[in-house]
Trainee: 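My questions will all concern the structure given below.
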Amino acid sequence: MSDTASAPTATEDRPELKRVMGPGLLLLFVVGDILGTGVYALTGKVAGEVGGAVWLPFLCAFVVAMLTATSYLELVTKYPKAGGAAVYTHKAFGIHFLTFLLTFAVMCSGLTSASSASKAFSENFFKAVKIDSSHGSILMITALSFMALIALVNLRGVGESVKANVVLTLVELSGLLMVIAIGAWALANGDGDTSRLTDFNTPSGESPFSAVTAATALAFFAMVGFEDSVNMAEETKDPVRIFPKIMLIGLSITGVIYVLVAISAVALVSPDELNKGATPLLKVIQAGAPGFPLQIFAWITMFAVANSALINMLMASRLLYGMSHEKVLPGPLGRVLHKRRTPWVAILFTTLLAFFLIGYADLAALGGTTAFLLLCVFAVVNVAVLVLRRDRVEHRHFHAPTALPVLGFILCVYLASPLSGRAGDDYKIAGYLMIVGVGLWAITWLLNKYVFKRKADFDPSHLDPSGPVN
């Protein structure tokens, strides 16, 4: 693999973004994007699905994520520019409707995740400072203010956003390492019950396999995030050489952390107790180290969800920026600030959508919907990488063995299907979101076909001297 690759050329229509990310920043970005709200909140819910063998669904989710990551690596090193899955789908199939739906699904998953994280930040903030937040309006104002702060950091520049991500990643990583260390210390002193690690919660009529697949469908939400890093290709130094090694290392680090956290959690706290409430890891700290000041861990949890919000909003804006230059979304979304070189229109647009979600949407059931939407996206990407094998590029790039995207496609489809035990509400909410997406696509299509075409027909600046533009 060569050390260099052709980068997108900066033009007046497509100004090049500033390349500020090296291997270290990119690794922290990948790890920080995967860690966060999922593992801090979902460990107990996964235990409720599978029982004591809570580590197994996280391991299975890691395997599925790793398979799909190889497809992303081939594509991002082949086409090192912003846009991610939407760009790859458009290049592979050339169907604007499919590309728009996929873009909308990815954007919705990021926005709902960020909006949920903002609400979680608000709740954790008042718990950490021990202030009464019984009035919902106080929580709402705090969540909206936090999202506005995220937008300001995003507008400031990716360098500042990534630096903030470094700090928040180190904080959330310290919290998970704290859980692992306390679990190891307690087990070394004879506390805890390791026999739970092989127990399965199998209700009547279910098998251990069905329990694991249902739990994996839920645990997969904790593994998503690695795909966001491909949207940083235009802001990464030498992406063709750096991306494969860094993404695989980042995924492996998070996979090991998840398994160790799950083992520590279920060894110290019973699965039934873990499944109660929204702070499972706080219970683990309390059980393994009763004298530890729990308020510190509450602050760590708050910063962890803050990082999730920052990363998701950063990626949603970059995705829209990339797709505007693929002519799938309106061109103004690709405008950047002259000095900061940040996509300001896309940032404002995604922030307004997040405000709407925070203020009016019930996001309680969107965790499973987010995982479902991204599994569908991953299935498409695993097919796209095979289709695009016929498209040759001049530079060398990462090449995934054919069996990996094929197996990744099968597993993604299975986990997205009802066969995995996925909740019916996931399909219902996703269906409503896609109806909205179809409506937006129809409006865009009509504007492009009739309004903009009519302007081109009558505006002399759009005409070629040799004849009309079709």
Side-chain angles (χ1 to χ4, degrees), residues 34 38-39 41-71 193-224 226 251-252 254-276 280 365 367-383 401 403-430:
I34 300 174
V39 67
L42 284 182
T43 304
K45 302 302 179 184
V46 175
E49 291 281 349
V50 75
V54 64
W55 56 273
L56 186 55
F58 283 107
L59 181 60
C60 293
F62 163 74
V63 171
V64 177
M66 186 66 81
L67 291 172
T68 300
T70 62
S71 295
D193 185 2
T194 55
S195 65
R196 297 178 185 144
L197 298 175
T198 55
D199 288 341
F200 289 90
N201 178 20
T202 53
S204 178
E206 288 191 14
S207 64
F209 177 79
S210 61
V212 171
T213 55
T216 301
L218 181 61
F220 192 79
F221 178 71
M223 285 304 307
V224 300
F226 67 89
L251 268 171
S252 299
T254 55
V256 170
I257 289 174
Y258 281 178
V259 170
L260 293 179
V261 166
I263 291 174
S264 297
V266 79
L268 296 180
V269 182
S270 68
D272 290 338
E273 186 63 26
L274 278 176
N275 193 28
K276 296 177 182 177
T369 306
T370 302
F372 166 70
L373 289 171
L374 289 177
L375 281 166
C376 293
V377 171
F378 294 164
V380 174
V381 169
N382 282 315
V383 175
L404 299 187
V406 171
L407 186 57
F409 168 77
I410 294 172
L411 292 177
C412 286
V413 170
Y414 178 78
L415 289 177
S417 73
L419 296 175
S420 66
R422 181 169 294 280
D425 285 344
D426 296 355
Y427 304 107
K428 184 185 297 184
I429 297 173

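Heads up: numbering here begins at 1 and tracks the sequence.
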Trainee: Measure the NZ-CG distance between K45 and L218 for me, rounded to the nearest 0.5 Å.
Mentor: 9.0 Å
Trainee: Using a 3.5 Å cut-off and no angle test, enumerate the donor-acceptor pairs between side-chain atoms of residues 406-413 and protein atoms at least two apart in sequence or in another chain.
Mentor:
none

Trainee: Minimum heavy-atom separation for A222 to V39, with atom names?
Mentor: CB-N, 4.1 Å
Trainee: Quick one: salt bridge (charged side-chain N to carboxylate O under 4.0 Å, His left out) pairs with a partner in residues 407-423, sequence neighbours left out?
Mentor: R422-D426
Trainee: Could you walk me through whether L251 and M223 pass the side chain to side chain contact (heavy atoms under 4.5 Å, CB included) check?
Mentor: CA-CA 8 Å; L251 268 171; M223 285 304 307; 3.6 Å; yes
Trainee: How far does CG of L56 sit from CD1 of I263, to the nearest 0.5 angstrom?
Mentor: 10.5 Å
Trainee: Mind listing the closest non-hydrogen atom pair of A262 and V54 along with its distance?
Mentor: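 Scanning both residues, the minimum pair turns out to be O-CG1, 3.5 Å.
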Trainee: What's the shortest heavy-atom distance between V266 and P271, and which atoms?
Mentor: CG2-CG, 3.8 Å
Trainee: Do the ring planes of F372 and Y427 sit parallel (below 30°), tilted (30 to 60°) or perpendicular (above 60°)?
Mentor: perpendicular
Trainee: Return the CG to CG distance between D193 and D199, rounded to the nearest 0.5 Å.
Mentor: 8.0 Å
Trainee: Measure the spacing between CG of L373 and OG1 of T370 and express it to the nearest 0.5 Å.
Mentor: 6.5 Å
Trainee: Quick check for you: to the nearest 0.5 Å, what is the distance between L375 atom CG and L415 atom CG?
Mentor: 5.5 Å
Trainee: Looking only at heavy atoms, which two atoms of A215 and V50 are closest? And how far apart?
Mentor: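 Looking at all heavy atoms of both residues, the closest pair is CB-CB, 3.8 Å.
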Trainee: Closest heavy-atom contact between A214 and E49?
Mentor: CB-OE1, 3.9 Å
Trainee: Report the residue from F62, F220, F58, W55 that forms a ring pair (Phe, Tyr, Trp, His ring centres under 6.0 Å) with Y258.
Mentor: F58
Trainee: Could you please spell out the steps behind the side chain to side chain contact (heavy atoms under 4.5 Å, CB included) verdict for F378 and L67?
Mentor: CA-CA 10 Å; F378 294 164; L67 291 172; over 6 Å; no
Trainee: So which heavy atom on A53 is nearest to which on F200, and how close?
Mentor: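 Minimum heavy-atom contact is CB-CE2, 3.7 Å.
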Trainee: Ignoring hydrogens and geometry, is there a side-chain-to-backbone donor-acceptor pair from S420 to A416 under 3.5 Å?
Mentor: no
